[in-house]
Amino acid sequence: MSTSAEKFDREARGEFARLGKTRVHRGEILRHPVYTRFLHWSVAIFFLLSLLSGFAIYSPWLFRWLAPLFGGGPRTRALHPWFGVVFEVFFLFQFINWFAPMTWTRVDSRWIKRLRAYATNEKPLEEEEVGFFNGGQKLYFWAIAFSGVLFLITGLLIWFDNNVARWVVAVSYVFHDLAALVMLGGFIIHIYEGTAHQTGTFRSMIDGTVTEKWAWTHHPAWYKAVTGRDPREAYEREKRRQAERQRALDEWERKQDDLERSPPTHRNRLQETRD
Ligand code: HEM
């Protein structure tokens, strides 16, 4: 990417870091700075506005109830392309912001081959080579990028249909809706991944941080690059710590059971007679 775009991105990060704070406590790592979070949620808001207004236009029969949210049918129609334009603008900035960590590598092609194991949580840890984003996250990003371009071109052709041949507008409708389907499918999976499937991920887009445990579990190469520590060693240490905790808990429970089963001592006999 051009150095002027990178320079713009660096400066924007700096400006936003002054506007908002990210507190990183012990045992946590900074994942998404304020600028990234601002872009992500701006993209998300305008995506949802475009989606909901788009539904109302696409099928008034099914989604008539959505139009009043935007001030009625004609206003929904008028607002929809503008929501789309703002979405595209924010996504362009996000594209510049994430272009480098989203670059596709061989590691990602190998990740895609393990997709099934990933989806079924077959292994407790990601492969050691997985960096800041995994192959699935990159796939989603590039799907948005390509559908975004398709949206923009077809959207403009539909918007300014007076100057375009009728068949071009008709084909644009088909591709506009196909792009929407791709984005919608990706969006549903994305919400599941960012919340229920990988607990501890959602907070990274709220307060900007993740726990070290999250980092060495899901993005070991990134953990190593940031902390300089070995992710497998961290995992083994955590496993030993949990085993020790479990042993201590079992021991305590055993003692409580013994105490309950043992004959009453002088003290609790006294207590019983008082009761
Ligand atoms: C509204 C519900 C949404 C939630 C709960 C959500 C949650 C998240 C979270 C937690 C991350 C950070 C993942 C990480 O650091 O590993 C993330 C990243 C990302 N989000 Fe969202 N997001 C939402 C909507 C959207 C929308 C509407 C878009 C775009 C149309 C989007 C695009 C992305 C992209 C491209 C990434 C980076 C790659 C990835 O993690 O998949 N998100 N999101």
Side-chain angles (χ1 to χ4, degrees), residues 9 13 22 24 28-55 80 83-105 107-108 111-112 115 118-119 125-127 130-152 155 176 178-223 225-226 231:
D9 190 58
R13 276 178 195 233
T22 307
V24 186
E28 292 177 347
I29 307 178
L30 170 69
R31 181 144 174 95
H32 299 301
V34 186
Y35 181 54
T36 305
R37 271 138 58 201
F38 166 76
L39 288 180
H40 176 269
W41 290 118
S42 305
V43 166
I45 287 167
F46 282 93
F47 173 82
L48 284 173
L49 289 173
S50 311
L51 188 75
L52 296 180
S53 54
F55 274 153
H80 176 75
F83 289 147
V85 167
V86 182
F87 162 77
E88 295 278 348
V89 171
F90 278 123
F91 186 74
L92 176 68
F93 290 123
Q94 195 178 51
F95 182 83
I96 296 168
N97 185 241
W98 272 340
F99 181 78
M102 287 295 184
T103 309
W104 195 264
T105 66
V107 171
D108 305 310
W111 189 93
I112 295 296
L115 188 60
Y118 172 83
L125 292 182
E126 266 290 7
E127 289 299 317
V130 175
F132 192 88
F133 286 123
N134 64 36
Q137 291 176 300
K138 291 186 186 182
L139 202 64
Y140 179 50
F141 175 82
W142 287 104
I144 299 169
F146 286 117
S147 326
V149 173
L150 200 60
F151 259 140
L152 189 65
H176 203 71
L178 279 178
L181 279 181
V182 170
M183 284 239 200
L184 183 61
F187 175 59
I188 293 167
I189 299 171
H190 178 65
I191 293 195
Y192 170 65
E193 287 299 323
T195 54
H197 187 217
Q198 287 191 356
T199 44
T201 309
F202 185 60
R203 57 175 278 188
S204 72
M205 270 302 166
I206 302 296
D207 66 15
T209 65
V210 287
T211 60
E212 287 191 9
K213 185 178 173 187
W214 183 94
W216 53 249
T217 305
H218 302 295
H219 301 274
W222 173 61
Y223 169 83
V226 173

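When a ligand or atom number is given, it counts from 1 through the structure's own listing order. For this chain, numbers begin at 1 and follow the sequence in order. We use all heavy atoms of the structure for the numbers below, so side chains are in, but hydrogens, waters and symmetry mates are not.
When all heavy atoms of Gly136 and Trp111 are compared, the closest pair comes out as N-CZ3, 3.1 Å. Closest heavy-atom contact between Ala143 and Val182: CB-CG1, 4.3 Å. Scanning both residues, Gly200 and Val210, for their nearest heavy atoms gives O-CG1, 3.9 Å.
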Could you walk me through whether Asp9 and Phe93 pass the side chain to side chain contact (heavy atoms under 4.5 Å, CB included) check?
CA-CA 8 Å; Asp9 190 58; Phe93 290 123; over 6 Å; no
Do His219 and Phe132 pass the side chain to side chain contact (heavy atoms under 4.5 Å, CB included) test, and can you show the C-alpha distance, the side-chain angles, and the key distance before you say yes or no?
CA-CA 6 Å; His219 301 274; Phe132 192 88; 5.7 Å; no
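Ile191 CD1, 3.7 Å is the protein heavy atom nearest to atom 2 (C) of ligand 1. Among all non-hydrogen protein atoms, the one lying nearest atom 36 (C) of ligand 1 is Trp98 CZ3, 3.3 Å. Ranking the protein heavy atoms by distance from atom 10 (C) of ligand 1 puts Thr201 O, 3.4 Å first. Summary of contacts: the protein heavy atom closest to atom 38 (C) of ligand 1 is Met102 CE, 3.5 Å. For atom 27 (C) of ligand 1, the nearest protein heavy atom (residue, atom name, distance) is Phe47 CD2, 3.4 Å. Looking from atom 19 (C) of ligand 1 to the surrounding protein, the closest heavy atom is His190 CE1, 3.2 Å. Of all protein heavy atoms, the one closest to atom 11 (C) of ligand 1 is Met205 CG, 3.5 Å. Looking at atom 40 (O) of ligand 1, its nearest protein heavy atom turns out to be Gln137 NE2, 2.8 Å.
Contact annotation: for Phe91 versus ligand 1, there are no heavy atoms closer than 4.0 Å. Contacts between Tyr140 and ligand 1, counted as non-hydrogen atom pairs separated by less than 4.0 Å, involve the side chain only. Counting heavy atoms under 4.0 Å from ligand 1, residue Arg31 touches it through the side chain alone. Heavy atoms of His40 found under 4.0 angstrom from ligand 1 belong exclusively to the side chain. Contact annotation for Ala44 and ligand 1: heavy atoms of both the backbone and the side chain come within less than 4.0 Å of the ligand.
For atom 5 (C) of ligand 1, the candidate residues are Trp142, Trp214, Phe90, Phe202; the nearest heavy-atom contact is made by Phe202.
Rounded to the nearest 0.5 Å, atoms NE2 (His218) and OH (Tyr223) are 14.0 Å apart. Residue His190 holds its NE2 atom at 12.5 Å from CD1 of Ile188, rounded to the nearest 0.5 Å.
Between the Thr103 side chain and the Phe99 main chain, a donor and an acceptor come within less than 3.5 Å of each other.
Of all atoms in ligand 1, numbered sequentially from 1 with element shown, those under 4.0 Å from a heavy atom of Ser204 are 12 (C), 15 (O). Set against the non-hydrogen atoms of His32, the atoms of ligand 1 under 4.0 Å away are 12 (C), 14 (C), 15 (O).
Other residues, nucleotides and ligands contribute more than 12 heavy atoms inside 6.0 Å of the OH atom of Tyr192.
Looking at ligand 1, you won't find any N or O of Trp41 less than 3.5 Å from one of its N or O atoms.
Checked for salt-bridge contact, Glu28 and Lys213 miss the test: no charged N lies under 4.0 Å from a carboxylate O.
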Tell me which donor-acceptor pairs under 3.5 Å the side chains of residues 37-47 have, and how far apart each pair is, sequence neighbours excluded?
{"residue": "Arg37", "atom": "NE", "partner": "Ile206", "partner atom": "O", "Å": "3.3"}
{"residue": "Arg37", "atom": "NH1", "partner": "Thr22", "partner atom": "OG1", "Å": "3.0"}
{"residue": "Arg37", "atom": "NH1", "partner": "His32", "partner atom": "O", "Å": "2.9"}
{"residue": "Trp41", "atom": "NE1", "partner": "Met205", "partner atom": "O", "Å": "2.7"}
{"residue": "Ser42", "atom": "OG", "partner": "Phe38", "partner atom": "O", "Å": "2.7"}

